[in-house]
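Take a look at the structure set out below.
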Amino acid sequence: MNTLYYGDNLKILRDKIPAESVDLIYLDPPFNSNRNYNVLFKDESGQESEAQITAFEDTWHWTPEAAQTYHELVTDSVPAVSTMIGAMHEFIGNNQMMAYLVMMAARLVELHRVLKPTGSLYLHCDPTASHYLKILLDTIFGAENFRNEIVWKRKAGRGETNHAAIRFGVSHDVILFFAKGHLTKFKRQFRANNQEYIATKFTHYDDEGRCYRLDNLTSPSYRPNLIYEYKGYLPPPNGWAVSLEKMKQMDEEGRLYLPEDRSRRIQRKRFLDELEGETVDSLFDDISPINSQAAERLGYPTQKPVALLERIISASSNEGDVVLDPFCGCGTTIAAAQKLNRKWIGIDITHLSIALQKYRLKSAFNLEQKKDYKVIGEPVDLASAIELAKRDNERYQFQWWALSLVKARPLGATAGSKEGKKGSDKGIDGIINFVDDKSGKPKRVLVQVKSGKVKSGDIRDLVGTITRENAPIGVFITLEKPTKEMIKEAATAGFYHSEFWNKNYPKLQILSIEELLAGAEIKMPSTEVTFKQAPKVVTTKQFDLFSNTDQEDTF
């Protein structure tokens, strides 16, 4: 079954994913390409580098974990990998770049293991680290299995201006394409034709009105077996490009241009209506990045266009194949794989990303957790929820997971980070939008999550918050069971009356984690018009999960 995993992808790859079970891997590992290039090579004691880390803050540092992983690579890996990573360490030293390469090397070894002999890997990165990553991939996959360095033009116009005085603007990403071996699958891809090319080349019409261009029919090199006369036309010096039998077939099908002057050569007719398109090469300059107005935009800072993933998946897999994304973020790979009828596996280390993907799968494909796919690594009972809440520095992980139980949008979350919004949140952790009148103006359910001790004062505070924010409903999610005083306090808040549904809903609702795991839901008007819905598989258009009228809490 299609599966989302929450957790460290290295551990999940080692423990959960069998060898040679995956057909295609796409990964876009987190890397802060906006950071000054030199800062990456500063020693970990440098305060400037510490101050600039805002996301994935504990991922790419030379920590004891990075040192341990390095030790494992140089002592337990195959000789080529241990030698290469050791040489890189001597050259680069103990810094963020080396930590990044060590952590990536360990994962690339596992990703190579889980690929089928016919499988491929596409690693999306930027020019800051692409040269190092290619060396790692050459070592792990074999230089002979390198297929392409794809350049995706992700910006138009001037590109970056931060370093305009010392370099050209950076307007592209790099995608490194490697095969597991010589049996790898690949299907040529096509893009829209260049209209100028069509206008200048396709200038002829046959008796049936079909437009065509003329093409050379001579062999590029000397072929004695293809030197023959056809209908009085002498062969070119190197011979024809096709055999006599093929020449006759093309003539019968009206695919030959036979000039009246038999001293001239026969040419091939290329019909416009049979043109598949322009062949896609290693420069992807026809897929635009996601702008602020794009229909598929989810607010994830490193989100890639669905069209980019569709091209990769179409080229290197077949329907029914398994596609894996070990850094699946907002789930673009998963969405593209689902649309193209592939099986999929996604792994991410934040509950925010897993929640985002669940919303996306529901909106775009009407997929339901447990029925259509599995989520492994999330709490499944009260004991595991308590365990998540107790983890050091995991406050926001619990909060994001709890909000996903009621499909609430996290307020002020930083996508890709393990930290939530800094500063005052005004007592609000999440929001659910709904429309309840003909004006179409969204109303908000305010959600607060508590993983520690709770008291009746918390309920009074939330009542004050929903009054101040003019919200019709407030929801208090608690890990502990609510006290009788809390329940009584909530009851005094009264009801919200929906004119549209002609129904009353409790204005303040308390839901425990235990109740939510058992299937409890918020009593509120339908949220079907809350999110911008994606067409069901028909197009790549996705929904804007985080669209709202408040600028302050943009995701």
Side-chain angles (χ1 to χ4, degrees), residues 1-31 55-56 58-60 65-66 69 72-73 81 99-116 119-126 129-130 133 136-137 140-141 173-180 300 302-304 308-309 312-313 316-317 321-338 342-358 360-361 373-378 415-418:
M1 181 181 284
N2 294 329
T3 306
L4 293 175
Y5 288 95
Y6 161 73
D8 182 349
N9 53 23
L10 182 59
K11 180 174 175 56
I12 291 168
L13 286 166
R14 288 173 174 173
D15 296 346
K16 303 292 185 181
I17 313 298
E20 298 188 354
S21 62
V22 175
D23 296 282
L24 172 63
I25 296 170
Y26 169 86
L27 64 158
D28 182 14
F31 193 74
F56 302 99
D58 60 352
T59 304
W60 310 132
E65 289 76 16
T69 303
E72 292 174 0
L73 286 169
V81 174
Y100 174 74
L101 295 172
V102 164
M103 303 305 268
M104 284 305 303
R107 285 154 177 80
L108 289 170
V109 167
E110 292 302 318
L111 292 171
H112 180 267
R113 178 187 64 83
V114 305
L115 265 183
K116 293 179 182 178
S120 302
L121 177 141
Y122 289 76
L123 195 165
H124 196 134
C125 53
D126 68 23
S130 61
L133 291 169
L136 286 178
L137 287 164
I140 295 167
F141 280 73
D173 283 356
V174 174
I175 304 174
L176 300 171
F177 170 24
F178 276 76
K180 180 73 175 280
Y300 207 81
T302 59
Q303 183 182 351
K304 302 303 183 291
L308 179 65
L309 272 299
I312 290 170
I313 292 171
S316 292
S317 68
D321 282 354
V322 178
V323 178
L324 166 66
D325 187 341
F327 296 91
C328 57
C330 65
T332 301
T333 305
I334 303 307
Q338 178 69 31
R342 271 67 168 173
K343 299 173 184 176
W344 47 261
I345 300 170
I347 309 172
D348 204 273
I349 200 167
T350 73
H351 283 292
L352 179 61
S353 291
I354 300 299
L356 181 56
Q357 291 175 67
K358 289 193 288 186
R360 192 173 191 177
L361 290 169
Y373 63 93
K374 297 184 293 185
V375 179
I376 297 176
E378 287 189 324
S417 175
K418 292 185 178 180

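We're numbering straight along the sequence, starting at 1.
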Would you check if [X] and [Y] make a side-chain contact, meaning some heavy-atom pair closer than 4.5 Å?
{"X": "Val323", "Y": "Leu309", "answer": "no"}
{"X": "Leu111", "Y": "Leu324", "answer": "yes"}
{"X": "Lys116", "Y": "Lys180", "answer": "no"}
{"X": "Ile17", "Y": "Tyr5", "answer": "yes"}
{"X": "Ile334", "Y": "Tyr373", "answer": "no"}
{"X": "Leu10", "Y": "Pro326", "answer": "no"}
{"X": "Asp173", "Y": "Asp28", "answer": "no"}
{"X": "Thr333", "Y": "Ile312", "answer": "no"}

Salt bridge (charged side-chain N to carboxylate O under 4.0 Å, His left out) partners of Lys343, counting only residues at least two apart: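 Lys343: no salt bridge (charged side-chain N to carboxylate O under 4.0 Å, His left out) contacts found.
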Test Ile347 against Lys16 for side chain to side chain contact (heavy atoms under 4.5 Å, CB included), laying out the working first. CA-CA 11 Å; Ile347 309 172; Lys16 303 292 185 181; over 6 Å; no
So how far is it from [X] [atom1] to [Y] [atom2], rounded to the nearest 0.5 Å?
{"X": "Cys330", "Y": "Leu352", "atom1": "SG", "atom2": "CG", "answer": "10.5 Å"}
{"X": "Phe178", "Y": "Leu123", "atom1": "CZ", "atom2": "CG", "answer": "9.0 Å"}
{"X": "Leu27", "Y": "Cys328", "atom1": "CG", "atom2": "SG", "answer": "11.5 Å"}
{"X": "Leu115", "Y": "Ser120", "atom1": "CG", "atom2": "OG", "answer": "7.5 Å"}

Heavy-atom closest contact ([X] atom, [Y] atom, distance):
{"X": "Ile345", "Y": "Val322", "result": "CD1-CG1, 4.0 Å"}
{"X": "Ile313", "Y": "Ala337", "result": "CD1-N, 3.7 Å"}
{"X": "Met104", "Y": "Pro29", "result": "SD-CB, 3.7 Å"}
{"X": "Gly377", "Y": "His351", "result": "O-CE1, 4.3 Å"}
{"X": "Cys125", "Y": "Leu133", "result": "CB-CD1, 3.7 Å"}

Start with the C-alpha distance between Thr332 and Arg360, add both sets of side-chain angles, then the distance that settles side chain to side chain contact (heavy atoms under 4.5 Å, CB included), and finish with yes or no. CA-CA 9 Å; Thr332 301; Arg360 192 173 191 177; 3.3 Å; yes
Under the side chain to side chain contact (heavy atoms under 4.5 Å, CB included) rule, what do Leu176 and Leu121 come out as? Steps first, then yes or no, please. CA-CA 8 Å; Leu176 300 171; Leu121 177 141; over 6 Å; no
Quick check against the 3.5 Å criterion: does [X] have a side-chain atom that pairs as donor or acceptor with the backbone of [Y]?
{"X": "Asp348", "Y": "Gly329", "result": "yes"}
{"X": "Arg342", "Y": "Ser317", "result": "yes"}
{"X": "Arg107", "Y": "Leu13", "result": "no"}
{"X": "Arg14", "Y": "Glu110", "result": "no"}

Pick from Ile354, Ile12, Thr3: which one makes a side chain to side chain contact (heavy atoms under 4.5 Å, CB included) with Ile376?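 Running side chain to side chain contact (heavy atoms under 4.5 Å, CB included) over Ile354, Ile12, Thr3 with Ile376 returns exactly one hit, Thr3.
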Quick one: which of Leu24, Leu308, Ile25 gives a side chain to side chain contact (heavy atoms under 4.5 Å, CB included) with Tyr122?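 It is Leu24; the other options fail the test.
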Walk me through whether Trp344 and Leu4 qualify under side chain to side chain contact (heavy atoms under 4.5 Å, CB included). CA-CA 8 Å; Trp344 47 261; Leu4 293 175; 3.8 Å; yes
Would you please classify the geometry between the His124 ring and the Tyr26 ring as parallel, tilted or perpendicular, with 30° and 60° separating the classes?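 Judged by the thresholds at 30° and 60°, the geometry between Tyr26 and His124 is perpendicular.
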